[in-house]
Structure formats: C-alpha cells, structure tokens
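Report on one structure; see the data block that follows.
Lettering follows sequence order; numbering is per chain, from 1.
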Protein chains: 2
Amino acid sequence: MAASIKDVAREAGVSIATVSRVLNDVDVVNEETKKRVVEAIKKLGYRPNIVARSLKTQRTRTIGIIIPDISNQFYPEIVRGAEDVANIYDYNIILCNTDLNIEKEMEYLKVLKEKMVDGVLYMSNSLEPNILSLIKQLQFPMVLVESKSKGEDIPSVTIDNEKAAYDGVTYLIKKGNKRIAYIGAGEDIVNASAMRYRGYKKALEKNNLTLDENRIYFTSSRARNGYKGINVILSKTKIDSIFCTSDEIAVGVINALRDNGIRVPEDIDVMGFNNVYLASVFYPKLTTISQPIYDMGSIGMRMLIKMINKEKLEERNYILPHELIERDSCK
Amino acid sequence: MAASIKDVAREAGVSIATVSRVLNDVDVVNEETKKRVVEAIKKLGYRPNIVARSLKTQRTRTIGIIIPDISNQFYPEIVRGAEDVANIYDYNIILCNTDLNIEKEMEYLKVLKEKMVDGVLYMSNSLEPNILSLIKQLQFPMVLVESKSKGEDIPSVTIDNEKAAYDGVTYLIKKGNKRIAYIGAGEDIVNASAMRYRGYKKALEKNNLTLDENRIYFTSSRARNGYKGINVILSKTKIDSIFCTSDEIAVGVINALRDNGIRVPEDIDVMGFNNVYLASVFYPKLTTISQPIYDMGSIGMRMLIKMINKEKLEERNYILPHELIERDSCK
DNA sequence: TTGTAGGCGTTATCAC
DNA sequence: GTGATAACGCCTACAA
C-alpha cells in the first residue's frame with residue numbers, strides 16, 4: 001500500500017492534523033515543522049488519496065461528459081474544448097458514450113451520481129420526460145451542450161440553429177438557386193438539428209419559393225445517408241442545389257453526384273453544416289455553416305465549473321455565433 | 001445530502017451491515033428482511049456512494065486513458081473501443097489529452113494515481129526514462145497501445161509497423177513504381193511510426209532500389225504537412241509515387257498535387273496509413289494500410305481489466321494484423 | 001441470520 | 001502552533 005498521511009506524520013514526528021495543514025496550506029504552521037513535513041512527504045513519495053479526500057469534502061474534482069459517440073466527427077473537438085478548461089481548473093473528465101440510447105443515458109447518469117462527479121456536461125437530442133425527472137432527482141450541476149431544455153431551464157450552450165440554416169439557404173438562393181433540396185434531420189426529432197429544417201422552410205417561404213416534398217430527405221448524419229438520399233431525390237425530381245445538415249452528409253452527396261457524372265459546384269451547389277475538419281480537406285472544400293465546436297465545449301465547461309462553485313452565471317443560455325464559410329462546393 | 005446506507009437501515013429497521021449485504025448480494029439474508037431493505041432502498045431513492053466504497057475496497061472501477069489528442073482523427077476510435085469494453089465490465093474512463101507533452105503526461109499519471117484509478121491505458125510516443133521510472137514508482141496495471149516499451153516489459157497492443165510499411169511500399173513497387181517518396185515520421189522519433197520508415201527502407205533495399213534523400217520528408221501527421229512536404233520534394237526531384245505514414249498526410253499530398261495539375265492515381269500513386277474514416281470518403285478514396293483501430297482500444301482494455309483482476313495474460317505483447325486496403329489512390 | 005465495531009485516508013473542529 | 005478525534009459512507013471480520 002502506498003504511504004498515507006499517517007506515515008508522513010510518523011516520519012516527520014508530527015500529528016496527521018499538521019500534515020493535513022501543510023498539504024492544504026491552511027492555518028498557520030511553523031516554518032520549521034512545515035519543512036520537516038515537506039521533507040517527509042518527499043522522502044516517502046507520498047501522494048494524498050483523493051478518494052478519501054472526496055469522501056470528506058464531498059467533491060471529487062471530476063466531471064462527467066455524456067456524448068452520443070466520440071467516434072463521430074463532431075464530438076472529439078467539443079470534448080477537447082471541455083477537457084482543456086477542466087484541466088485548467090484541476091478537474092478530470094469521465095467520458096460516456098451513449099449512442100443516444102436512452103437506457104444508456106440513464107445508466108450513466110446514475111453511475112456518475114454514484115461516483116459523485118461534481119457536475120455533468122450533457123449532449124443528447126432527446127430530453128424526454130424520464131430523463132428529465134431523473135436529472136431533477138439526481139440533482140447535479142449540469143449544462144447542456146448543443147441542445148436546450150424546454151421547461152426545466154437547464155443552462156445550455158448552443159448556436160441559433162434555425163437562423164444558421166436560414167442563412168445558409170438564403171445564401172444558396174442569392175446564388176440564383178431555386179430548387180433547393182434538403183437532406184438531414186427531420187422535424188420529428190426533438191433536437192438542435194430539427195431547428196435547421198425550420199430555418200430551411202422559412203428561407204424558402206421568405207423568398208417565395210415553394211416547398212417540394214420530393215426534394216426533402218430526412219436522415220441521420222452519416223455520409224452514406226447523404227449518398228443514398230441524393231439518389232432518391234434525383235430519381236424523383238430536378239434540383240439545382242442541396243442544403244445538408246452535416247458535412248458528412250454533404251460529403252456523401254458529393255460523392256454520389258460525382259458517381260452520376262454531375263459536377264460540384266458547376267452543375268449543383270452543395271452546402272454542409274458544422275465545419276468539421278473533413279470539410280476543409282475534402283475535395284472540393286466544403287462551403288458550410290461553421291459552429292464554434294471547440295468553444296461550445298470550453299464555454300460549457302466554464303459554465304459548469306461556475307455552477308459547481310455556486311457562482312452566478314451571467315447568461316444561462318449561451319447562443320454562440322455561427323458563420324458561413326465560403327469555400328468551393330458552391331458557385 | 002442524498003440518502004446513505006444508514007438511512008436505508010433505519011427505514012428498513014435493520015443494521016447497516018444487513019443493507020450492505022443485500023447491496024452486494026453477499027452472505028445469506030433472510031428473504032423477508034431482504035425485501036424490506038429493497039423496498040427501503042427504492043423508497044428513499046438510495047444509491048450507494050461509490051467513493052466511500054472505493055476507499056474501503058481500494059478499487060474505483062475507473063480507468064485512466066492517456067492519449068495525445070482526442071481531436072486527432074485516430075484516437076476517437078481507440079477510445080470508443082476501449083470505453084465499450086470498459087462499460088461491459090462496469091468500468092468508467094477518465095480521459096486525458098497530453099499533446100505528447102511529457103510534463104502533462106507525468107502530471108496526469110500522478111493525478112490518476114491520486115484518484116486511485118484501477119489501471120491506465122497509455123498512448124504516447126516517447127517512453128523516456130523519467131516517465132518510465134514514474135510509472136514504475138506509481139505501480140499501476142498499465143497497457144500500452146500503439147507503442148511498446150523496450151526494457152520494462154509493459155504489456156502492449158500494436159501492429160507490426162515495420163512489416164506494414166514494408167508491405168505498402170512493396171505494393172507500390174509491384175505496381176511498377178521506382179521513385180517512391182516518403183512523407184511522415186522520422187526515425188529519430190522513438191515510436192511506432194518510426195518503424196514505418198524502416199519498413200520503407202527495407203522494401204527499397206529488397207528490390208534493389210536506391211534510397212534518395214531528396215524523396216524523403218520527415219514531418220508529423222497533419223494534412224498541411226503533407227501539402228508542404230510534397231511541394232518540397234517536387235521542387236528537388238521527380239517521383240512516381242508516395243508512401244505516407246498517415247491518411248491525413250496523404251490527403252494533404254493529394255490536394256497539393258491537384259493544385260499542381262498532377263492527377264492521382266493517373267500520374268502519381270499515393271498511399272496512406274491507418275485507414276481512418278476520412279480515407280473512405282475522400283476523393284479519390286485512399287488506398288491505405290489499415291490498422292484495426294477500434295480493436296486496439298478494445299483489446300487493450302480487455303488486457304488491462306484482466307491485469308486488474310490478476311488474471312494471467314495469454315499474450316503480453318499483442319501484434320494485431322494490418323491489411324492493405326486497395327482503393328482509388330493507386331493505379 | 002443479523003448486529004457491532006473497526007478501519008479505509010482525509011478534513012476540520014475542538015481543545016491544549 | 002499543534003494534537004486528538006469525530007466524521008465522510010461503506011465493507012467486513014467477529015460476535016451474538
């Protein structure tokens with residue numbers, strides 16, 4: 001067993017109380033004895049046991065991060081942003097992948113509570129009643145990233161997804177496009193990306209373009225879904241551009257178009273969403289709506305740590321700016 | 001404060017020992033009292049405090065994962081593989097990004113020890129003496145992923161990097177290439193990828209091709225480095241193909257070639273390494289050496305958990321198979 | 001089958 | 001300034 005505070009106390013010829021005092025730099029300790037303690041610590045290679053400390057202080061200095069899937073292109077950067085600031089404030093993170101499976105989410109929430117994390121950063125698309133009531137019951141500091149809670153008022157950091165999509169589609173329209181397809185999240189899904197569909201509709205409406213269901217394909221954010229989706233649309237109708245709710249979808253779309261001998265952007269414009277790393281190296285480089293991904297993680301973590309420290313949040317629902325990145329997949 | 005074992009005991013009218021027994025399903029408890037306890041638990045919404053349990057049992061059921069950077073394309077999948085099996089065995093993971101910074105690595109190692117993790121999965125390229133002696137001092141179950149320790153004999157899971165590179169370059173040669181460039185990790189770096197350079201040299205040698213330093217560019221695994229590297233090489237000499245030690249480098253190379261009006265694979269073959277997601281959606285799809293990334297994480301975690309349970313490892317240094325994936329970036 | 005009590009390694013409140 | 005000592009919440013001999 002590793003050396004404990006007792007061993008240090010014995011070695012330095014003082015009580016454990018004194019050792020604890022120098023450890024935490026609290027109260028006043030005689031310079032001389034302090035030196036003795038420090039030496040004993042070094043000699044024994046003593047390291048405080050944080051588990052024991054946590055039991056006493058009721059804080060673990062670890063934070064849970066719940067995400068759908070770290071191997072999705074989007075989350076690593078959020079997690080990196082979060083971990084970087086956690087690290088600054090001496091917190092560690094426990095990472096949990098849920099695949100958006102409600103059971104798994106609930107399970108992780110419970111375990112995190114049992115492990116006494118000081119707070120959780122939560123990414124999910126369905127804050128359904130069961131989850132919400134569990135969260136309320138478990139009672140930990142929590143901030144939502146990428147989504148918002150309706151009634152419960154859990155602090156959050158997001159972008160204005162509806163406006164972002166609106167801006168993207170408007171851009172497409174300004175380029176002279178009139179038959180704009182949509183591939184991505186449907187409105188039935190209660191999450192951030194569903195807002196994008198509303199933005200799409202609004203932009204069409206505002207510009208007196210009619211919504212044609214043949215140009216709409218609802219699916220999740222994977223390249224192969226984009227590939228399939230565009231083929232379905234092409235088999236039904238003609239289009240001049242496509243608005244995708246993720247860069248991965250856009251990549252699938254472009255690959256499908258290429259296989260059909262259709263050029264991007266000469267023949268058709270395609271726009272992505274998120275501005276993931278892939279978007280900047282793909283050929284053609286993707287014109288896309290950029291979310292400040294890293295910042296969403298770091299700001300979310302900053303808020304969470306404030307909450308843990310009972311500090312007041314200036315803003316409970318941060319809406320970060322999005323940006324349209326013009327590259328080569330639109331004319 | 002949340003309900004504790006005491007509250008449950010009081011509620012059920014038994015001692016805490018009995019509650020503990022039903023909690024851990026140990027010893028024999030009368031069916032009737034057991035039922036009372038279970039009901040009390042449910043009524044109070046009691047959840048055991050794992051921190052307290054850990055202090056007693058000296059196991060936290062959490063494992064540290066140390067990686068260079070989760071936002072690098074390579075690591076999310078390893079982490080996912082690791083977390084999936086950790087989850088199966090009721091472990092959680094603490095994620096630590098080091099950017100390969102030695103100070104950070106040491107810091108995390110110490111904190112993980114203080115937080116009493118049961119073991120660590122370690123990814124680094126430089127197992128330098130300081131780190132090694134710290135590891136020895138800290139004494140935890142550890143497995144190395146992607147790299148091996150020379151002397152210390154820390155269990156590991158890797159592929160045969162030298163052979164993999166040898167196979168890749170041989171493939172290029174068989175396709176009729178004779179002036180094969182190399183862009184990637186240099187041999188000074190003491191890590192897995194350095195072995196790839198040796199494989200490259202060996203393949204040339206075996207086929208009586210001379211090594212031309214003008215065709216070599218050492219750099220780290222980023223697309224922009226590939227972009228720069230190939231331009232440097234092209235300014236000095238002529239080549240017919242390029243072996244890259246990462247897919248990201250290959251992507252940068254291809255983008256640079258395209259900007260120079262050189263076609264891939266018609267004019268030049270380029271081969272990647274790792275078979276990251278990007279490789280399968282990029283245009284042209286990358287011919288590359290596939291590492292079983294997910295498996296490296298999951299197998300590493302399996303080994304680690306065995307070690308934690310004091311079970312014997314059948315194999316201390318797993319060498320997983322690599323595979324040459326033929327796609328469209330080579331003729 | 002059940003209860004009592006000691007201890008895991010700390011912190012923090014008392015006295016001295 | 002320093003030292004006992006009681007928690008923190010749980011597990012586990014040992015008794016009963």
Going through the distances and angles, do A:S149 and A:L144 end up as a side-chain contact (heavy atoms from CB on, under 4.5 Å)?
-> CA-CA 8 Å; A:S149 68; A:L144 260 24; 3.9 Å; yes
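- At a cut-off of 3.5 Å, with distance as the only test, a side-chain donor of A:N87 or B:Y108 sits close to an acceptor on the other residue.
- Of the N and O atoms on the side chains of A:Y122 and A:E105, at least one donor lies less than 3.5 Å from an acceptor on the other residue.
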Contact state string [nucleotides 8-16 of chain C, B base, S sugar-phosphate only, - no protein heavy atom under 4.0 Å] = BBBBB----
Apply side-chain contact (heavy atoms from CB on, under 4.5 Å) to the pair A:D7 and A:R10, showing each step before the final yes or no.
-> CA-CA 5 Å; A:D7 303 311; A:R10 193 181 314 119; 3.5 Å; yes
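- In this entry the distance linking CG of B:D25 with C1' of C:dT1 reads 15 Å, nearest Å.
- Within the helix from C:dT1-D:dA16 to C:dC16-D:dG1, the inter-axis angle between the opening and closing five-pair segments is 50°, rounded to 10°.
- No hydrogens or angles considered: nothing links the side chains of A:N317 and A:K148 as a donor-acceptor pair under 3.5 Å.
- Using a 4.0 Å heavy-atom distance criterion, B:T33 is classed as a sugar-phosphate-only contact.
- With hydrogens and angles disregarded, a donor-acceptor distance shorter than 3.5 Å links the side chain of A:N97 to the backbone of A:I70.
- We find that NZ of A:K34 is positioned 15 Å from C1' of D:dT2, with the value rounded to whole Å.
- Proximity of A:T18 to the phosphate of D:dG1: no side-chain N or O atom is located under 4.0 Å from OP1 or OP2.
- A side-chain donor-acceptor contact under 3.5 Å links A:E146 and A:Y75.
- Going from atom CG of B:L112 over to atom CD1 of B:I66 covers 5.0 Å, rounded to the nearest 0.5 Å.
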